[in-house]
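Since we're looking at a predicted model, the values are computed, not measured. Numbering of ligands and ligand atoms starts at 1, following listing order. Worth knowing before you read on, the calculation uses all heavy atoms, side chains too, and leaves out hydrogens, waters and symmetry mates.
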Amino acid sequence: MKRLAILVSGRGSNFEAIARNIREDKLDAEIAAVVANNPEAKALDTARSLGLNAISLPSKGIDSDTYAAQVRDALAPLHIDLICLAGFMRRVGQPLLDAYPQRILNIHPSLLPSFPGLHVQQQALDYGVKWSGCTVHFVDAGVDSGPIVAQAAVPIVEGDTADTLAARILVEEHKIFSEAIAVVLGGKYRIEGRRVVRLTQ
Ligand code: GAR
């Protein structure tokens with residue numbers, strides 16, 4: 001069974017969706033650890049209530065590379081196949097990228113490369129785009145910049161606020177993250193430059 005580590009910072013609805021898909025046999029994997037960089041993260045309570053290995057590893061005041069080395073060391077004994085950033089709001093430092101080359105996925109609530117960074121639903125509204133969505137991509141040293149595994153689009157409607165748009169996007173996030181995880185764990189893809197090419201056999 002392929003083993004996931006899920007990194008979170010807050011609410012953890014994407015983590016819950018992954019856990020639910022595993023429970024309902026829609027995703028063939030197990031969650032070996034849920035790591036939160038914020039000790040107050042609701043996701044930690046959820047992980048504990050699901051009987052999962054919940055690790056609180058605060059990142060406050062620690063630089064990205066030092067923190068990445070701490071996460072790497074915490075995960076080392078767990079034989080992790082894939083790391084999933086599910087609302088993880090810190091940049092991933094080089095030691096973790098080096099330990100898991102092309103084995104870290106992130107979900108981001110915009111259609112990348114539009115609107116990387118923070119407050120992205122507001123960015124989309126302010127720009128006036130008619131569609132937004134979400135993206136699952138491999139994590140590299142840039143910000144929201146690695147090869148894209150999956151995307152889903154949602155319309156922006158009259159009267160949308162950042163919150164209503166975020167809620168519409170989140171519904172799609174909960175679907176495509178597990179789909180992308182299945183693709184990557186299944187191994188039937190090749191990365192060519194920026195493109196993730198699915199292989200049919
Ligand atoms: C999600 O919308 C996720 O895409 C976003 O944070 C939210 C976390 O929600 N992530 C980022 O913005 C990362 N750059 P959740 O904790 O309920 O999964």
Side-chain angles (χ1 to χ4, degrees), residues 4-23 27 29 31 33-50 52 54-59 64 67-68 71 82-93 96-97 104-127 129 131-156 160-181 184:
L4 304 178
I6 305 196
L7 271 54
V8 295
S9 295
R11 179 179 55 186
S13 73
N14 274 290
F15 147 57
E16 286 184 62
I18 293 165
R20 190 165 50 245
N21 283 328
I22 290 173
R23 210 162 47 238
L27 178 61
I31 298 173
V34 176
V35 180
N37 72 318
N38 162 19
E40 308 293 323
K42 177 176 170 250
L44 276 178
D45 293 331
T46 310
R48 289 187 193 107
S49 72
L50 292 173
L52 296 171
I55 302 173
S56 175
L57 199 55
S59 65
S64 291
Y67 186 70
V71 175
L82 183 68
I83 295 177
C84 302
L85 309 185
F88 183 70
M89 305 311 269
R90 282 234 14 191
R91 203 164 166 172
V92 174
L96 201 59
L97 295 170
I104 307 177
L105 290 179
N106 179 47
I107 186 142
H108 182 77
S110 77
L111 289 175
L112 291 170
S114 292
F115 314 125
L118 296 174
H119 311 297
V120 299
Q121 295 88 356
Q122 192 60 51
Q123 284 189 55
L125 292 175
D126 291 347
Y127 198 92
V129 293
W131 291 83
S132 189
C134 47
T135 303
V136 180
H137 63 92
F138 285 101
V139 175
D140 63 14
V143 175
D144 301 323
S145 62
I148 290 170
V149 183
Q151 288 186 307
V154 305
I156 287 174
D160 255 342
T161 63
D163 286 346
T164 60
L165 177 57
R168 192 175 310 116
I169 292 172
L170 201 60
V171 173
E172 300 305 317
E173 293 187 39
H174 293 168
K175 296 178 196 159
I176 69 165
F177 208 174
S178 290
E179 289 167 8
I181 291 167
V184 173

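Residue contacts with ligand 1 do not include Lys42, since none of its heavy atoms lies under 4.0 Å from the ligand.
Here the shortest heavy-atom pairing between Gly133 and Ile169 reads O-CG2, 3.4 Å. When every heavy atom of Asp144 is checked against every heavy atom of Gly117, the shortest pair comes out as OD2-N, 2.8 Å.
Remark: minimum distance from atom 10 (N) of ligand 1 to any protein heavy atom is reached at Ile107 O, 3.6 Å. When only non-hydrogen protein atoms are considered, atom 16 (O) of ligand 1 lies nearest to Gly12 N, 2.7 Å. Nearest non-hydrogen protein atom to atom 14 (N) of ligand 1 is His108 ND1, 3.4 Å.
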(request) Would you check, one step at a time, whether the test side-chain hydrogen bond (donor to acceptor under 3.5 Å, both in side chains) holds for Ser9 with Asn38? (result) CA-CA 5 Å; Ser9 295; Asn38 162 19; over 6 Å; no
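Taking each of Arg11, Gln121, Glu16, Glu173 in turn, the one with a heavy atom nearest to atom 4 (O) of ligand 1 proves to be Glu173. The closest non-hydrogen atom to atom 8 (C) of ligand 1, taken over Gly87, Pro109, Ser9, Ser13, comes from Gly87.
One side chain, Ser110 or His108, offers a donor N or O that lies under 3.5 Å from an acceptor on the other.
From Ile31, atom CD1 reaches atom CG of Leu52 across 5.5 Å, with rounding to the nearest 0.5 Å.
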